[in-house]
Amino acid sequence: MTENIRGAELLTAIFGRWPSFIDAEVLRLTLDRAPAVEGFYGPTLTAEIYTFGMTSEVGAPGAHSRRTQVVVTFRFLEVAQLQLEGLNRWNVLADLDIIDIRERQLERVHYEVHLVPEGGVGASFLCNEIEVIAVRPWRVGDSLSADA
């Protein structure tokens with residue numbers, strides 16, 4: 001499925017595969033009514049999400065150590081039927097579900113996306129295209145949660 005996401009190779013080159021977004025943290029969501037890319041119509045949603053890889057090493061207090069900590073910037077084009085809830089200081093995801101629905105939908109709706117909240121923000125929407133537009137190293141201060 002990730003072969004249809006523009007820029008997915010930016011993530012797979014770092015992690016060796018598409019990463020799990022379990023316990024990832026939503027740092028920023030930006031909604032824009034104008035298209036961000038020529039040839040697309042309608043609103044865009046840009047999301048900055050902190051994610052990481054785990055090591056097999058167990059550190060204090062008994063949790064696996066994190067490695068390869070990055071902030072991924074996604075851009076979702078031609079967003080429709082957006083449902084957004086629960087934004088707060090701690091916006092941890094239980095999962096990021098991206099479902100390819102091209103075979104069962106009309107022409108301009110290709111994906112169903114769910115930012116499944118564990119705490120804080122959650123979102124569900126449809127969109128035409130998904131892009132990974134940037135991946136950068138995570139820096140102290142990027143996240144407000146105590147354990148990231």
*May I have the step-by-step check of side-chain contact (heavy atoms from CB on, under 4.5 Å) for Leu29 and Leu84, ending in yes or no?*
CA-CA 10 Å; Leu29 294 175; Leu84 185 63; 3.7 Å; yes
*Evaluate the criterion side-chain contact (heavy atoms from CB on, under 4.5 Å) for residue pair Leu96 and Leu115; output intermediate values, then yes/no.*
CA-CA 5 Å; Leu96 168 63; Leu115 298 168; 3.3 Å; yes
*Please report the C-alpha distance between Arg17 and Thr12 in whole Å, then the side-chain angles of each, then the deciding distance to 0.1 Å, and finally whether the side-chain contact (heavy atoms from CB on, under 4.5 Å) criterion is met.*
CA-CA 4 Å; Arg17 60 179 172 73; Thr12 58; 5.5 Å; no
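Listed by chain and residue number, Asp23, Val92, Ala94 satisfy the side-chain contact (heavy atoms from CB on, under 4.5 Å) test with Glu118 (two or more places apart in sequence, or in another chain). Applying the side-chain contact (heavy atoms from CB on, under 4.5 Å) rule to Arg6 yields the partners Phe40, Leu77, Glu129, Glu131; only residues at least two apart in sequence or on another chain are considered. Every residue meeting the side-chain contact (heavy atoms from CB on, under 4.5 Å) condition with Leu10, not counting sequence neighbours, appears here in chain and number order: Val132, Val135. Take Ser124 and apply the side chain to side chain donor-acceptor pair (under 3.5 Å) test, not counting sequence neighbours, and it matches His114.
The aromatic rings of Phe74 and Phe76 sit parallel to each other, their planes meeting at less than 30°, with 60° as the upper class boundary.
Sorted by first and then second residue, the side chain to side chain donor-acceptor pair (under 3.5 Å) pairs with a member in residues 31-46 form an empty list; sequence neighbours excluded. Every pair passing side chain to side chain donor-acceptor pair (under 3.5 Å) that includes a residue from residues 76-85 is listed here, sequence neighbours excluded: Glu78-Arg108, Glu78-Asn128.
Looking only at distances, a side-chain donor or acceptor of Thr51 sits under 3.5 Å from a matching main-chain atom of Ser20. For the pair Asp97 (side chain) and Ile99 (backbone), a donor-acceptor distance under 3.5 Å is absent.
Of the options Ile22, Val26, Val116, a side chain to side chain contact (heavy atoms under 4.5 Å, CB included) to Leu93 is made by Val26 and by none of the others.
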